[in-house]
There are 2 protein chains.
Amino acid sequence: MAATLRDVADRAQVSVRTVSNVVSGYEHVSEKMRQRVLRAIEELGYIPNPVARTLRTGKTGLLSLVVPEIDVPYFSQLAREVIDAAASLGFQVMIDQTGHDHERERQLLRGGGRRNLFDGMLFAPLATGDELRDVDPARSSPLILLGEHVFDHRFDHVAIDNVVAAHDATTHLLDCGRTRIAAIGAQPKEMYSTPLQRTEGFRKALDEHGLEPVTALQATAAHYGRADGYEATASLLRESPRPDAIFCYSDLLAMGAIRAVFDAGLRVPDDVAIIGIDDIEEGRYSRPSLSTVSLDTPFIARTAVSRLAARIEDPGLPAEEFVAPHTVIPRESTGGASRADSGGV
Amino acid sequence: MAATLRDVADRAQVSVRTVSNVVSGYEHVSEKMRQRVLRAIEELGYIPNPVARTLRTGKTGLLSLVVPEIDVPYFSQLAREVIDAAASLGFQVMIDQTGHDHERERQLLRGGGRRNLFDGMLFAPLATGDELRDVDPARSSPLILLGEHVFDHRFDHVAIDNVVAAHDATTHLLDCGRTRIAAIGAQPKEMYSTPLQRTEGFRKALDEHGLEPVTALQATAAHYGRADGYEATASLLRESPRPDAIFCYSDLLAMGAIRAVFDAGLRVPDDVAIIGIDDIEEGRYSRPSLSTVSLDTPFIARTAVSRLAARIEDPGLPAEEFVAPHTVIPRESTGGASRADSGGV
DNA sequence: TTGTATGCGTTATCAA
DNA sequence: TTGATAACGCATACAA
């Protein structure tokens, strides 16, 4: 059915070698030959078979992006930018979801049983060091870690400085005059690095203002979804005295938190100020609009993809760490700028 | 580096044929051979090369999902379910974005220059019939259309009944006692089928209640994002008399609409009732929570993937149309149930 | 500059 | 039941 290199060669009365040269843009091909080949290609509607090419060259042109769930706004936005960045470098992107399943993460890290199907992997996991420990950078396919400052310096990673980001968010609440500041997002059992680092930044900011972190005001959240934020907040508001501000470890947690405050008959930011992390678009239109820490996801995506491309070219590259910029964006939920002033539209 | 079938064969002192049989679970292999082979596989850490397998069998185990933008909640939710459905059938999913670019759509329909890289394609496009007209179902790779009732019956498609869905949403507003009902989502220039059908359903519902559609109350939206909904609503509210209800062709439009009503100093639903379509999670936590038409995306994803799988097996299958169920979900934005009653949490 | 021939790692055909 | 071997479609070493 589909034409092959050989079909084209026969039709153009040249060897497959010449056709291959033309197709792959090889320099030394006479103009006459090139034209002949090009016409045959046109006539046959020839399209190179990437699979055969891959078998020969070992490169698939495919990257794998692994996220917990693609429908979490932060990850879908990241995915969008990763796909675009990859496309600009000639790669296509496969997406896998771990669904918070450690075993699945471990499996995907091993190549998911399809080791040779992609040239490299972008891994945006919950992963503790545990899953990574078994992985040998020298033997596995090129890997870039996203969003986690793992304490494993054998791998490249691209992430924000979680400690500073959390510190900045908390400081913003303190600067708004709040003193009973709660946090949502510590993990109940797991020892993921992101929550740990955010908690560290949170405490550090309190400490700088001479405040002690109140244990009862530090709520855990199994996941980082709206439902988790809602539940955690509902429970925080039963404390007495109740918190006058909440730092949520994700914007989605914050969206749930805002609704919970409202459902409890209180107001944001008057009674409780709220800030998140991620800067998802939803927070620019919510009522009140959400103060947050904006992460430079385009930077993350571009850096990660180009580093991965580089590593695919040269697997011997030393592991490196890339820190993405972040900015605190005050909006209505902390009594800050109105939506119109927030750059939201 | 990586062990091949031949390496295993050498080590186990058998032919590659036997190893292949064991690996692919062929019936007629003596237990002794199987054990010998299995041990060699274990010792060498052998993993089959999917690319070579593909070259031979012609099947890659990859599906391509094409959406306008993966970070639109509706599409990311769909993607999530497609990926899961595909995984359960042994497929992995590549994602491509068209970014509202017709040329890009056309190109992807032609296989994106990588025709043989995936076994089939799920296409969730803006596509008019135009892009599809050039495509020959018999020659191109298996294709399922998502979300569009194209007037082209040469292809399978999975979609809701847009006319009825829009009719039901509008009827809900009418049942709430609203009489000046606006709509947002008609397309400025393009003739996509989805907006056309939703407009048809909208008018039909008005007509059934003896109302004439007011041209000035039918706002266009270039895309279906929050910003579009915000702008369109801001302009609708300048009409006089202003609308007392708005039917938005997507939930995202509705989120922008709610914020715009609020920014205009009015209230939802008291002054303006709002309903959307999609039932994204965001609308369950917003203030007010968003009345909407819930689409059965799990049904859409499962149906599309299994139909695609069937078509990959038998490309000769006749084109078929699958209609996904939808339900109107009244929430606060039309004065309906409170968040807690809405099944939102 | 172009042609010939080999191999990438599998599966499948044909014998044995 | 198992072995030898020919494809699958392409890129490239080697020759011409």
Side-chain angles (χ1 to χ4, degrees), chain A residues 1-41 44-62 90 111 113-119 141, chain B residues 1-38 40-41 44-62 90 111 113-119 141 313:
Chain A
M1 185 75 231
T4 77
L5 211 53
R6 172 165 222 105
D7 298 332
V8 177
D10 288 350
R11 176 152 196 130
Q13 308 266 44
V14 299
S15 78
V16 289
R17 171 66 206 255
T18 304
V19 179
S20 178
N21 282 344
V22 171
V23 170
S24 45
Y26 185 62
E27 293 280 328
H28 306 286
V29 178
S30 70
E31 196 49 32
K32 193 175 64 182
M33 285 292 178
R34 158 166 279 117
Q35 288 310 327
R36 239 201 296 168
V37 170
L38 250 27
R39 189 146 51 86
I41 287 178
L44 269 50
Y46 167 75
I47 298 177
N49 181 333
V51 174
R53 182 174 284 176
T54 290
L55 183 57
R56 194 54 235 257
T57 63
K59 299 208 180 310
T60 63
L62 248 39
R114 317 186 62 119
R115 176 142 68 196
N116 301 306
L117 203 53
F118 46 82
D119 297 336
S141 69
Chain B
M1 186 74 230
T4 79
L5 212 51
R6 174 164 220 106
D7 298 332
V8 177
D10 289 351
R11 177 155 196 125
Q13 307 269 43
V14 299
S15 78
V16 289
R17 168 68 205 259
T18 302
V19 179
S20 177
N21 283 344
V22 171
V23 170
S24 46
Y26 185 64
E27 292 282 324
H28 306 285
V29 179
S30 69
E31 197 49 33
K32 193 175 65 182
M33 285 290 178
R34 158 166 281 117
Q35 289 310 328
R36 236 200 298 167
V37 169
L38 251 26
I41 288 177
L44 269 50
Y46 167 76
I47 297 178
N49 181 335
V51 174
R53 181 175 284 175
T54 290
L55 181 59
R56 194 55 239 245
T57 62
K59 301 210 178 309
T60 62
L62 249 40
R114 315 187 64 121
R115 178 144 62 195
N116 300 305
L117 202 54
F118 47 80
D119 297 335
S141 69
E313 284 309 306

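Note that the structure is a prediction, hence the values are computed from the model and not measured. What you see below is based on every heavy atom in this structure, not just the backbone, and it leaves out hydrogens, waters and symmetry mates. In what follows, chains are A, B, ... by sequence order, proteins preceding strands, each numbered from 1.
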Discussion item. Under 4.0 Å, counting only non-hydrogen atoms across every strand here, what does V29(A) touch: a base, just sugar-phosphate, or nothing?
Written reply: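 If one applies the 4.0 Å heavy-atom cut-off, V29(A) turns out to touch the sugar-phosphate alone, with no base involved.
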Worksheet item: Which pairs pass salt bridge (Lys or Arg N to Asp or Glu O under 4.0 Å) with one or both residues in residues 49-59 of chain A, sequence neighbours excluded?
Response: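 Qualifying pairs: none.
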Rounded to the Å, how far apart are [X] [atom1] and [N] [atom2]?
{"X": "L5(A)", "N": "dT4(C)", "atom1": "CG", "atom2": "P", "result": "14 Å"}
{"X": "I47(A)", "N": "dG9(D)", "atom1": "CD1", "atom2": "C1'", "result": "14 Å"}
{"X": "N21(A)", "N": "dT12(D)", "atom1": "CG", "atom2": "P", "result": "9 Å"}
{"X": "E31(A)", "N": "dT2(C)", "atom1": "CD", "atom2": "P", "result": "10 Å"}
{"X": "K59(B)", "N": "dT11(C)", "atom1": "NZ", "atom2": "P", "result": "14 Å"}
{"X": "M33(A)", "N": "dT1(C)", "atom1": "CE", "atom2": "C1'", "result": "8 Å"}
{"X": "L55(A)", "N": "dT6(C)", "atom1": "CG", "atom2": "P", "result": "18 Å"}
{"X": "H28(B)", "N": "dA15(C)", "atom1": "NE2", "atom2": "C1'", "result": "17 Å"}

Practice prompt. For D10(B) and D7(B), indicate whether the former's side chain and the latter's backbone hold a donor-acceptor pair under 3.5 Å.
Written response: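 Checked: no pair found.
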Discussion item. Donor-acceptor check, side chain of T60(B) to backbone of T54(B), threshold 3.5 angstrom: yes or no?
Written reply: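 No, T60(B) side chain to T54(B) backbone: no donor-acceptor pair under 3.5 Å.
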Residue pair [X] / [Y]: nearest heavy atoms and the distance that separates them:
{"X": "S141(B)", "Y": "F118(B)", "value": "OG-CE1, 3.7 Å"}
{"X": "M33(A)", "Y": "V14(A)", "value": "SD-CG1, 3.4 Å"}
{"X": "A12(B)", "Y": "R36(B)", "value": "O-NH1, 2.9 Å"}
{"X": "S15(A)", "Y": "A9(A)", "value": "C-CB, 3.8 Å"}
{"X": "V8(B)", "Y": "V37(B)", "value": "CG1-O, 4.2 Å"}
{"X": "S20(A)", "Y": "L5(A)", "value": "CB-CD2, 4.0 Å"}

Practice prompt. Verify the contact: side-chain N or O of R53(B) to OP1 or OP2 of dG9(C), cut-off strictly under 4.0 Å; return yes or no.
Written response: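 Negative; the distance criterion is not met.
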Worksheet entry | side-chain N/O S30(B) vs dT2(D) OP1/OP2, d < 4.0 Å |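 So the side chain of S30(B) is within the cut-off, an N or O lying under 4.0 Å from OP1 or OP2 of dT2(D).
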Worksheet item: Is there a residue in residues 13-20 of chain B whose heavy atoms reach under 4.0 Å of DNA chain C, and which residues are they?
Response: R17(B), S20(B)
Worksheet item: Do R56(B) side-chain and dT11(C) base share a donor-acceptor contact under 3.5 Å?
Response: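 By the distance-only test, yes, there is a pair.
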Discussion item. Based on the rotation axes of five pairs at each end, what angle does the helix from dT1(C)-dA16(D) to dA16(C)-dT1(D) bend through, to 10°?
Written reply: 40°
Worksheet item: To the side chain of N49(B), which of dT10(C), dG9(D), dT2(D) is closest?
Response: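 Looking only at heavy atoms from C-beta outward on N49(B), the closest nucleotide is dT10(C).
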